[in-house]
Chemist: 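Questions regarding the structure given below will be posed in turn.
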Amino acid sequence: MPAFQTSPGMRDILAPESARWRAFTAVFADVVESAGYQLIIPPLMEDLGVFSRIGEATDVVTKEMYDFFDKGDRHVALRPEQTASVCRAFVQHRPVTPWKAWYSGPNFRYEKPQRGRYRQFDQVGIEVLGVNDAHLDVEVIALGSEFFRRLGLRQVELRINSLGEPADRARYVDALRTHFEAGGEDLSAASRDTLTKNPLRVLDSKRVSDAPYIATAPTIDQFWSDDAAAHFHTVQAGLSQLDISFVIDMKLVRGLDYYRHTTFEFVGGTLESAQNALGGGGRYDGLVEDLGGPTTPGIGFALGVDRTLLACDDEGVFAAPDPSVDVFVVDTAGGASALAITAELRAAGISADRSYDNRSMKAQMKGANRSGAAFAVIVGTDEIDAGTVTLKPLRSGGEQSIVPMAHLVSDLRSRLQEANS
RNA sequence: GUGGCCGUAGCUCAGCUGGUGGUAGCGCCAGGUUGUGAUCCUGGAGGUCGGGGGUUCAAGUCCCCUCGGUCACCCCA
C-alpha cells in the first residue's frame, strides 16, 4: 500500500477514461455552442455567502460545504455547484441579456462517497439569465436531451414539473405542512425534522413509513396560478413540438431551494441505483436578486459527468476514443534517427511515438504494436547508409517496403488516408 | 452522519473446520528468432495477504480497533 493515496471521494482519472472525459466535454461544448452559449470559467472558491443562498435548509449548504478561513480571514468555500457562481458573475459583470453561459468543471461536497457520488465531482451545465420566455425553458431542456442523444444514450427519461410562482409555492408548502403534520408520529423522525425546514423535500423521502402520506399528499397543480399553469403548458407544448418525450412528475421537487416554475430531471434508464439522477435543473427566478443584483429570471441545468458516463457504460455507448498514434518509429542504431523522424512526422501532422533506452528491436516492435500505430517506421544502420527507412504495416496486411527518407512524409500521408477510408 | 458486505501480485481472483502465499488468468520483462510486433513455446521479476493490536504452539483465515472501497438510508449530480 503506497504511503499516500487520494483522499476519500477524490480520484485520479487516468487514460483511457480521461480521454473519454475530454471527449464528453467536447460533445457538450459542441451541442451548447451551436445554440449560442459561451464558456464561463468561474473560480473553484468563492465567498461562503455566494453558496449559502442555495438553500438554508439543504445539506449541501449546512453540512457538506468545504469551507474555511483564508489567510486574510475571509470565510470562503469550495463551490458545491456552479449555478450560484454564474449568478454571482452576472451580478459582478452585468453582461447584456440574454446571457447564455456554459461550464464544465469540478465541484466539492463533503459526503460519504459511493458509486456515482464523489466528494470532488464534475458537472457540465448551462445557465441563461434575463429571459422569462417559456420557449427558453424548452430550449434548455432540449439541449440536455440533444446532448444525451449525441452521446448515444437512448434510455434517459425526462421528468418535468412546475413549482409555480413563489406565492404558489408558498401556499403549496403550507398545505403540505398541514398534510404531513396530520400524520403525527407515524411520519419518520427524519421526515418530521425535514418538515420543519422544508416540507417540499419530504416528498423525496424513500422511507417506507412515509410512503402512504406522500401518496395522499396534495399535488402542486392545485396551487398553480393562471400564469404559472400557462407557462408550464407552453413548456409541454414546446417539448411535444420538438418530439421530446417527457413524464410529468408532480413530486419532482429538486434539492435546492431556489427553483421556481419549471423544474426537470434526467434519469438514467438502466441505472438501478440511488444515484440514477444524471442531472437536472430548472428556473430560479430570484437567485440573482438574492446575490445583490437586479430582478433577473434565470434557468439552467447541470449534469453529473460520472453518472452520465455510468449510464453510457450501461447502455454500451460512448466508448473512450482510440488513443493510437499513426506511426511508431523503431530505431536500432541508437535513437538519434528516431529523434529526428518523430519530430519531422509530428511537425507534418502525423502523430508518432517511439521507444527509448535503446531497447532490442523485438522490444521496440512490441512497443509499436502496443501503441496501436498503423505503421512502424524502422531505421537501422542499413537504412541510414542508404538514406531510406523500412515502412511496415502493423494492422492491415501487406508487405513492408523500403522508402527513401525524403518521401516518408508524403508516403505516410497517402497510406494513412488509404487506411482510414 | 447511521447500518450491511468487502479488502490476497499492476489488474481480475483461488486459498476448505486456523497448519509453509497460488504451476491461476491477464499484464510486464527476457529468451526461442544476435533486424520484426500481434499468434505460439520457455523462463523470470513482482506480495509488509489494507494498517495496528489481541487470542493461539501456529492467523490471509478467529476477535477488537482503524483506514479504504461498495451497497442501502440520508443527500443529490
Side-chain angles (χ1 to χ4, degrees), chain A residues 1-11 14 54-55 57-64 80-83 105-125 144 188-191 193-194 198 201-202 204-210 252-256 265-268 271-281 301-311 328 330-333 355 357 359-384 389-397 399-400 402:
Chain A
M1 207 40 57
F4 294 106
Q5 33 184 337
T6 48
S7 295
M10 312 262 173
R11 64 247 204 267
L14 304 178
I54 291 168
T58 63
D59 283 6
V60 170
V61 169
T62 58
K63 298 193 221 162
E64 299 172 358
E81 55 124 44
Q82 286 174 257
T83 302
N107 305 302
F108 302 85
R109 295 182 194 173
Y110 194 88
E111 298 183 273
K112 189 159 176 180
Q114 237 175 75
R115 190 169 107 115
R117 186 169 94 178
Y118 301 96
R119 287 182 178 173
Q120 176 177 333
F121 64 99
D122 270 57
Q123 288 183 328
V124 294
S188 67
S191 284
D193 187 51
T194 306
N198 188 344
R201 295 203 3 262
V202 176
D204 268 341
S205 167
K206 289 171 194 162
R207 288 171 289 261
V208 283
S209 63
D210 297 337
L252 176 61
V253 167
R254 306 283 314 142
L256 310 180
E265 196 164 271
F266 295 101
V267 179
L271 245 53
E272 282 305 321
S273 110
Q275 270 72 240
N276 65 351
L278 306 184
F301 67 73
L303 308 177
V305 174
D306 296 290
R307 292 182 184 183
T308 304
L309 287 175
L310 285 173
F328 195 96
V330 171
D331 180 349
T332 60
S355 53
D357 293 330
R359 303 229 284 151
S360 72
M361 179 158 195
K362 186 184 174 108
Q364 293 193 52
M365 285 303 295
K366 285 184 78 160
N369 185 58
R370 213 174 2 240
S371 75
F375 295 96
V377 168
I378 301 166
V379 227
T381 47
D382 293 352
E383 285 86 352
I384 291 171
V389 298
T390 299
L391 189 57
K392 175 172 176 137
L394 293 175
R395 295 206 278 187
S396 55
E399 291 298 301
Q400 65 185 39
I402 294 172

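Keep in mind that the numbers below use all heavy atoms, side chains included, and drop hydrogens, waters and symmetry copies.
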Chemist: Report the distance from atom NZ of A:Lys112 to atom P of B:G4, rounded to the nearest whole Å.
Modeler: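 About 10 Å, once rounded to whole Å.
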Chemist: Pairing of RNA chain B as dot-bracket, 5' to 3': ( ) intra-strand, [ ] crossing, | other strand, . unpaired, with Watson-Crick or G-U pairs under 3.5 Å?
Modeler: (((((((..((((.....[..).))).(((((.......))))).....(((((..]....))))))))))))....
Chemist: Determine the Euclidean distance between corresponding P atoms of B:U12 and B:G7; express it in Å to zero decimal places.
Modeler: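 These two P atoms come out 12 Å apart once rounded.
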Chemist: What about A:Arg307: does its side chain form a donor-acceptor pair under 3.5 Å with the base of B:C76?
Modeler: yes
Chemist: Do A:Glu111 side-chain and B:A77 base share a donor-acceptor contact under 3.5 Å?
Modeler: yes
Chemist: Please identify each residue that fulfils ring pair (Phe, Tyr, Trp, His ring centres under 6.0 Å) with A:Phe375, with sequence neighbours left out.
Modeler: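 By the ring pair (Phe, Tyr, Trp, His ring centres under 6.0 Å) rule, A:Phe375 matches no residue at all.
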Chemist: Touch check for A:Ser205, heavy atoms < 4.0 angstrom, all strands: base, sugar-phosphate only, or nothing?
Modeler: sugar-phosphate
Chemist: Remember a base hit wins even if backbone is also touched, and classify A:Tyr118 as base, sugar-phosphate or nothing at under 4.0 Å, heavy atoms.
Modeler: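 Base contact.
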Chemist: By side chain to side chain contact (heavy atoms under 4.5 Å, CB included), which residues pair with A:Ala302, not counting sequence neighbours?
Modeler: A:Tyr103, A:Gln123
Chemist: Could you work out, with side-chain hydrogen bond (donor to acceptor under 3.5 Å, both in side chains) as the rule, every residue matching A:Ser191, not counting sequence neighbours?
Modeler: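 Here the qualifying residues are A:Ser188, A:Arg207, A:Asp210.
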Chemist: Nearest 0.5 angstrom please: A:Thr308 OG1 to A:Leu303 CG, how far?
Modeler: 5.5 Å
Chemist: Between A:Ser355 and A:Gln364, is any side-chain donor less than 3.5 angstrom from a side-chain acceptor?
Modeler: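 There is such a pair (donor and acceptor under 3.5 Å, judged by atom type) between the side chains of A:Ser355 and A:Gln364.
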Chemist: For A:Thr83, which residues count as a side-chain hydrogen bond (donor to acceptor under 3.5 Å, both in side chains) partner, sequence neighbours excluded?
Modeler: A:Glu127
Chemist: When you measure from the side chain of A:Arg395 to the backbone N and O of A:Gly372, does any donor-acceptor pair fall under 3.5 Å?
Modeler: yes
Chemist: What is the distance, to the nearest angstrom, from the CD atom on A:Gln114 to the C1' atom on B:C74?
Modeler: 9 Å
Chemist: Relative to the 5' end of RNA chain B, which residue comes earlier, A:Thr6 or A:Tyr110, by the nucleotide with the nearest heavy atom?
Modeler: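 Checking each residue's closest nucleotide, the 5'-ward one belongs to A:Tyr110.
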Chemist: Touch check for A:Gly372, heavy atoms < 4.0 angstrom, all strands: base, sugar-phosphate only, or nothing?
Modeler: nothing
Chemist: Just to verify, what does A:Ser360 make a side chain to side chain contact (heavy atoms under 4.5 Å, CB included) with, not counting sequence neighbours?
Modeler: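 Counting only residues at least two positions away or on another chain, A:Ser360 forms a side chain to side chain contact (heavy atoms under 4.5 Å, CB included) with A:Lys362, A:Ala363.
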Chemist: Taking atom C1' in both B:G69 and B:C63, compute the distance separating them and give it to the nearest angstrom.
Modeler: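 Between the two C1' atoms, the distance is 22 Å.
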Chemist: Hey, what do you get for OG1 (A:Thr6) to OH (A:Tyr118), rounding to the nearest 0.5 Å?
Modeler: 10.5 Å
Chemist: In this structure, how many angstroms lie between the C1' atom of B:C73 and the CG atom of A:Asn276, rounded?
Modeler: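 Computing the A:Asn276:CG to B:C73:C1' distance gives 15 Å.
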Chemist: Taking the C1' atom in each of B:G1 and B:G19, what is the distance between them to the nearest angstrom?
Modeler: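 Between the two C1' atoms, the distance is 43 Å.
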Chemist: Measure the CZ-CZ distance between A:Arg115 and A:Arg307 for me, rounded to the nearest 0.5 Å.
Modeler: 10.5 Å
Chemist: Quantified in whole Å, what is the C1' atom distance between nucleotide B:G27 and nucleotide B:C13?
Modeler: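 Straight-line distance between the two C1' atoms is 14 Å.
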Chemist: Listed by chain and number, what are the side chain to side chain contact (heavy atoms under 4.5 Å, CB included) partners of A:Gln120, not counting sequence neighbours?
Modeler: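 For A:Gln120 the side chain to side chain contact (heavy atoms under 4.5 Å, CB included) partners, ignoring immediate neighbours, are A:Met10, A:Pro106, A:Phe108.
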Chemist: Please state the P separation for the pair B:A24 and B:A14 - nearest whole angstrom.
Modeler: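 Taking atom P in both B:A24 and B:A14, they lie 15 Å apart.
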Chemist: Rounding to an integer number of angstrom, what distance separates B:U23 and B:G43 when you compare their P atoms?
Modeler: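 The answer is 12 Å between these two P atoms.
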Chemist: Give the nucleotide from the list B:A77, B:G69, B:C71 with an atom nearest to the side chain of A:Pro8.
Modeler: B:G69
Chemist: Atom CG of A:Asp122 to atom C1' of B:C76: distance rounded to whole Å?
Modeler: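 About 16 Å, once rounded to whole Å.
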Chemist: Mind calculating the distance between CZ (A:Phe108) and P (B:C76) to the nearest angstrom?
Modeler: 19 Å
Chemist: To the nearest Å, how far apart are A:Arg201 CZ and B:C74 C1'?
Modeler: 10 Å
Chemist: Please identify each residue that fulfils salt bridge (charged side-chain N to carboxylate O under 4.0 Å, His left out) with A:Lys366, with sequence neighbours left out.
Modeler: none
Chemist: With RNA chain B as reference, determine whether A:Lys63 or A:Ala302 sits nearer its 5' end, using the nearest nucleotide of each.
Modeler: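 Closer to the 5' end of RNA chain B: A:Lys63.
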Chemist: Between B:C11 atom P and A:Leu14 atom CG, what is the distance in whole Å?
Modeler: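 Value for this atom pair: 12 Å.
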Chemist: Provide the distance between the two P atoms, one in B:U39 and one in B:G52, to the nearest whole Å.
Modeler: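 Comparing P positions in B:U39 and B:G52 gives a spacing of 40 Å.
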Chemist: What residues form a salt bridge (charged side-chain N to carboxylate O under 4.0 Å, His left out) with A:Glu383, not counting sequence neighbours?
Modeler: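 A:Glu383 satisfies salt bridge (charged side-chain N to carboxylate O under 4.0 Å, His left out) with no other residue.
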Chemist: Please state the C1' separation for the pair B:G22 and B:G46 - nearest whole angstrom.
Modeler: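 After rounding to an integer number of Å, I get 14 Å for this pair.
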Chemist: If you go through the side-chain atoms of A:Arg117, does one of them form a donor-acceptor pair with the base of B:C75 closer than 3.5 Å?
Modeler: yes
Chemist: Between A:Arg115 and B:G69, is there a contact of a side-chain N or O with OP1 or OP2 at under 4.0 Å?
Modeler: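 The answer is no; no side-chain N or O of A:Arg115 sits under 4.0 Å from OP1 or OP2.
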Chemist: Round to the nearest Å and state the distance from A:Gln5 atom CD to B:G10 atom C1'.
Modeler: 15 Å
Chemist: Might you list the N or O atoms of the protein lying below 3.5 Å from N or O atoms in nucleotides 5-9 of chain B, with each pair's distance?
Modeler:
none

Chemist: Generate the contact string for nucleotides 27-37 of chain B. Rules: B means base contact, S means sugar-phosphate contact only, - means no protein heavy atom under 4.0 Å.
Modeler: -SSS-B--BBB
Chemist: Test of understanding: with side chain to side chain contact (heavy atoms under 4.5 Å, CB included), list the residues that count as partners of A:Glu111, not counting sequence neighbours.
Modeler: A:Glu64, A:Arg109, A:Arg117
